[in-house]
Amino acid sequence: MTMSALRRPGERDRLVVKFTQIDWTFAVALCLLAGTGALMMFSVAGSSWEPWAGPHLFRFGFCFALMIALALFDVRVWFALAYPIYGLGLLLLVAVEFFGDTRMGATRWLDLGFMSFQPSEVMKVGIALALARFYHGVSAENARLSWWLLIPAAMIAAPVLLVAHQPDLGTAMLIALTGAAVVVLAGLSWRIIGAAVVAFVVAVPIMVMFVLHDYQRARVMTFLDPESDPSGSGYHILQSKIALGSGGFFGKGYGLGSQSQLNFLPEKHTDFIFATLAEEFGFLGCALVLALFAAVIFMALRTASLAHSHFGRLAAAGVTATFTLYVLINGAMVMGLAPVVGVPMPLLSYGGTVMLTVMIGWGLVQSVRVHRYTEVTSGKGAFV
Amino acid sequence: MSEPSIFFSEVNERQGAFHRRSFLLGGFAGVGLLALGGRLAHLQILEAQRYQKLSASNQFNFRLVPPPRGLIVDRNGAILATNRPNFRLLVVKDGEHEPGPTLKTLAHFVPLDEARQARLLREFERTPNRTPVSVMEDMTWEQFSAINVRAPEMPNVTADMGEVRVYPHGGAFAHVIGYVAKVNREDLTETGPNSEPILLHPGFRIGRQGVEKAFDLDLRGRTGAKKVEVDARGREIRNDTDGDIPAAPGKTVELTLDVDIQNRALEVMGDESGAIVVMDCRSGDLLCMVSAPSFDANRFVRGLSTAEYRALADYERRPLLDKAMSGTYPPGSTFKMTTALAALSAGINPEERINCSGGWRFGGRTWRCWRHGGHGPQNMHDAIKNSCDIYFYQVALRMGPDHIARAAKALGFGQAFDIGIPGQRTGVVGSTEWKRTQVKRDPTWHPGDSVSYGIGQGYITANGLQLAVMTARLANGRKQLNPRLIKSVGGVEMPPGDEVPNLPFSQEHLDYVRSGMISVANDRSGTAYRQSQLGLGDVMMAGKTGTAQVRSYDGVANRDSRSVRWGLKDHNLYVAFAPIDEPRYAISVIIQHGGLGGATAAAPRAREVMRVALLKDPEIRARIVQPMPLPDVTDLPPVGIAPDGAVIAPPPMTSSPVPPGEPT
């Protein structure tokens with residue numbers, strides 16, 4: 001298949017053509033990451049597919065198929081559904097506020113009868129979609145600095161505040177930063193960006209002191225001085241650093257990580273799976289995995305910049321930004337550079353919801369790639 | 001890398017801005033990932049060693065192993081205190097497992113009634129997490145295996161084999177050796193040996209009394225450690241035997257006591273309350289130090305119930321008190337040798353006779369002799385032999401208390417000896433100086449005080465050990481012998497008791513007093529003649545009886561105490577040494593409230609214990625056991641002795657002996 005095929009509207013709508021246009025290198029990179037995750041889960045379960053490694057691979061397989069399927073959807077379908085998805089997400093967040101399940105002091109789940117579901121996850125993709133949809137119709141002038149900007153500000157603030165109130169600070173922060181990334185990519189004035197950064201730097205200490213819940217404040221405080229209370233709340237960070245550091249350059253060997261195998265490492269198969277990896281495969285293994293993450297991020301960004309539609313560019317970049325933030329925040333947390341916030345390492349960590357969100361996001365990105373020459377003016381023609 | 005757009009006329013500002021900023025986003029991601037990589041390099045390359053150490057200290061734990069406690073043996077190596085295996089049931093409290101339900105489950109396998117469960121739960125409340133609590137000791141093999149089989153279902157339960165202290169001779173050595181018991185919170189200190197973590201081990205026992213307490217640190221040994229791999233909950237995953245540090249057993253403490261003499265001494269005490277001390281007159285070694293009644297120290301190791309403890313503590317004969325060291329009694333007439341030596345040193349002529357008519361008026365009262373009819377004219381030798389009170393009243397009055405006190409101190413009265421274990425009460429040795437400083441309400445020494453002092457009453461008290469030392473010093477006749485109880489610790493010999501200065505008495509005076517003691521036991525008219533016959537041929541015993549009154553007999557016509565209750569009877573004492581020609585062993589016997597006359601209760605017991613001591617001595621045995629004349633063996637068949645000692649006799653003669661050469 002040649003590029004010319006893509007430029008012919010009749011030809012490019014054929015499924016076979018679409019199929020070949022999916023970034024298969026990118027797909028292989030995703031598989032490698034998920035496989036690494038399963039490998040580590042197999043190890044910490046004592047060389048057993050149960051209870052984590054098997055389900056992890058099974059879920060990834062399902063999500064991978066979903067990604068391919070979503071990639072084949074015309075980007076105009078995404079365009080048309082952008083606002084509805086965002087609106088639905090917002091509605092569900094409000095529903096959580098009133099009908100949600102409370103677990104461990106936080107109201108994050110909606111019980112659908114057959115499964116529990118976190119609406120805040122919808123918002124991670126929803127915010128990128130909705131903002132891309134919004135900026136698609138905004139001129140560069142207005143995107144830089146105008147009263148129009150109050151609309152995206154409100155679009156970001158509404159879900160962020162609802163999620164923060166659950167309280168789920170990690171997800172709220174992710175949504176806010178994803179939104180901010182799209183706004184910046186759309187061409188926000190540097191002056192506003194500068195002012196926002198200054199405001200953020202000033203606001204954070206005030207937030208920490210007066211707005212956060214006690215447990216959240218405690219997490220921040222132990223982050224600042226983890227060794228002050230090694231068996232209490234500083235335990236996670238300290239044990240994680242011990243796991244990382246003791247891995248050394250080559251690691252302790254597969255299945256031989258004492259920190260993870262003997263349960264010193266908390267959440268060894270979920271949020272701290274990177275530490276498990278670091279302990280057993282050392283700096284070498286970590287560097288390879290980080291390189292894989294870098295490859296995934298840069299391939300996704302390249303896809304974003306290839307798109308001819310402003311919507312496609314921004315949506316793909318927004319999804320990539322979310323993914324990047326996941327990786328950086330989880331990495332910083334595991335390495336003791338950030339407080340413990342419940343942000344998993346995408347694709348590596350065990351957990352169905354995040355896997356689903358991330359892979360739906362990549363489905364969107366691949367859809368943008370497959371349909372990079374499709375002219376997006378409105379939702380019209382999407383369902384042809 | 002964007003391809004030239006031909007479909008969109010708008011190569012617009014928005015696209016340009018996006019591309020510039022997507023580079024920024026890429027740059028941000030790149031910098032972020034590089035920062036993570038840098039952090040990883042810092043942790044995994046630069047600080048790897050530090051974290052590897054921390055990881056190892058997480059992974060491996062050293063479980064303390066209590067060392068076997070050192071043995072306590074007698075002078076011949078007979079074991080007085082040892083350890084035996086003990087199947088023990090330990091339960092750990094951690095965040096996951098509550099002890100309550102665990103105990104209920106365990107009650108199916110071992111006897112744990114409700115009351116015991118409640119007491120254990122209280123103990124669990126005081127114990128920190130992950131510190132094991134001993135739920136049951138001395139399980140049978142069946143119980144032990146029943147629990148062990150079910151161990152996988154009960155991760156917080158361990159059944160293991162520990163050691164428990166055992167005293168094979170029960171009560172005979174209870175006061176000297178003491179016992180071990182669980183560690184109390186009061187035992188723990190911030191620093192020093194009692195701050196070591198092994199004290200928190202449920203199998204560890206601390207010395208509570210006697211030798212166990214005084215030599216606790218020597219007996220403890222060096223704590224061992226078992227290197228185990230543990231998980232985050234502190235549960236053992238596997239044992240790394242290469243990393244084990246073996247426990248070194250405690251040192252052996254060898255006593256000078258002799259198990260046979262000690263056991264016999266406790267036996268002869270029967271139901272009586274008192275003490276027997278036997279001392280070697282040449283070396284100062286204590287061969288026997290018994291206090292009766294005694295108690296079984298093994299019960300204390302297990303932990304006494306309140307009822308058991310009350311029974312011991314409330315018994316009027318006070319089994320918990322060591323009467324050989326901490327009970328002080330008026331020495332009574334056993335003190336008369338001291339008075340005599342003091343008189344001789346003070347220049348009183350021993351041949352001067354003092355008439356005893358049974359009573360003597362002095363200071364407005366009549367001082368009575370124990371013999372109402374009187375002894376007639378007595379010189380010092382007669383007075384010792386007959387234990388004449390009148391003679392010693394007058395001699396003591398004549399020389400005054402300070403001469404007596406000097407002699408008493410030289411013989412060991414009023415002194416605590418360094419025998420390695422605490423608990424000696426020194427008693428009182430009266431003198432003008434002593435009374436001036438110690439008796440606040442009546443600081444002057446009255447002549448009447450001297451009178452009773454002369455016969456060992458009043459301002460003179462002593463314990464059994466001091467009486468034995470006094471006798472041994474008299475018998476030795478030269479040295480101010482010190483008693484020794486601990487022969488060696490961990491093979492290192494303790495200083496002997498005979499490297500001491502000589503007695504401040506002339507040899508002639510000592511011989512004179514000793515001849516008095518010989519007459520007591522060997523003249524037919526001596527006060528303890530019948531009770532002092534050892535029946536060991538020319539190995540004979542010398543002694544001195546004593547009666548110490550515990551109440552005033554003024555106005556009591558009859559001192560016969562058979563009808564008064566036990567607590568008001570006189571103390572009955574006897575001190576002796578043997579053999580008289582070459583003194584080897586000295587003994588003191590105190591029978592608390594034993595009744596009138598040292599000869600009745602104390603002397604027969606002293607004789608029996610002395611016989612055991614003498615018969616154990618090979619040199620003495622050689623003197624006693626004379627070889628029988630050999631029988632005429634000419635017409636007896638030859639008898640062989642097999643190596644195992646069996647006698648091999650030739651086959652019995654048959655009526656028709658088989659002629660030689662006949663086939664069989």
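Here is the naming used below: chain letters follow the sequence lines, and residue numbers restart at 1 for every chain.
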Leading residue by heavy atom contact count with chain B [cutoff under 4.5 Å; candidates Leu188(A), Ile297(A), Thr320(A)]: Leu188(A)
More than 12 heavy atoms of other groups within 6.0 Å of Phe28(B) CZ: no
Close side-chain approach of Ser139(A) and Arg14(B), heavy atoms under 4.5 Å: no
Part of Phe250(A) within contact of chain B (heavy atom distance under 4.5 Å): neither
Point-to-point distance, once rounded to the nearest 0.5 Å, from CG of Leu337(A) to CZ of Arg39(B): 4.5 Å
Side chains of Lys252(A) and Ser55(B) in contact at under 4.5 Å (non-hydrogen atoms): yes
Lys241(A) side chain near Leu54(B) side chain, heavy-atom distance below 4.5 Å: no
Lys227(B): side-chain contact (heavy atoms from CB on, under 4.5 Å) partners, not counting sequence neighbours: Phe60(B), Phe62(B), Asp240(B), Asp244(B)
Structural part of Ile242(A) lying under 4.5 Å from a heavy atom of chain B: both
Gap between atom CG of Asn58(B) and atom CD of Gln259(A) - 0.5 Å precision: 4.5 Å
Closest non-hydrogen atom pair, Leu25(B) against Ala317(A): CD2-O, 4.1 Å
Heavy-atom contact with chain B under 4.5 Å, split by part of Ala294(A): both
Axial cation check for Trp190(A) ring with Arg20(B), 6.0 Å and 45° limits: no
Structural part of Leu314(A) lying under 4.5 Å from a heavy atom of chain B: both
Heavy-atom side-chain contact between Leu33(B) and Val327(A) under 4.5 Å: yes
Toward chain A, the part of Leu24(B) with a non-hydrogen atom under 4.5 Å: side chain
Heavy-atom pairs under 4.5 Å with chain B, option from Ala307(A), Ala304(A), Ala181(A) with the top count: Ala304(A)
Donor-acceptor contact present, side-chain Gln44(B) to main-chain Ser246(A), <3.5 Å: no
Close side-chain approach of Leu185(A) to Ser22(B), heavy-atom, < 4.5 Å: yes
Proximity breakdown for Leu284(A) and chain B, heavy-atom pairs closer than 4.5 Å: neither
Side chain / backbone / both / neither for Phe283(A) at chain B, heavy atoms under 4.5 Å: both
More than 12 heavy atoms of other groups within 6.0 Å of Glu141(A) CD: no
Validation row: Leu36(B), Phe293(A) side chains within 4.5 angstrom (heavy atoms): no
Over all atoms of both residues, closest heavy-atom pair of Gly37(B) and Leu290(A): N-CD1, 3.9 Å
Close side-chain approach of Gln15(B) to Arg313(A), heavy-atom, < 4.5 Å: yes
Interchain contact, Ala278(A) with chain B, by part (heavy-atom threshold 4.5 Å): both
Shortest non-hydrogen separation from Arg21(B) to Val184(A) and the atoms involved: NH1-O, 2.7 Å
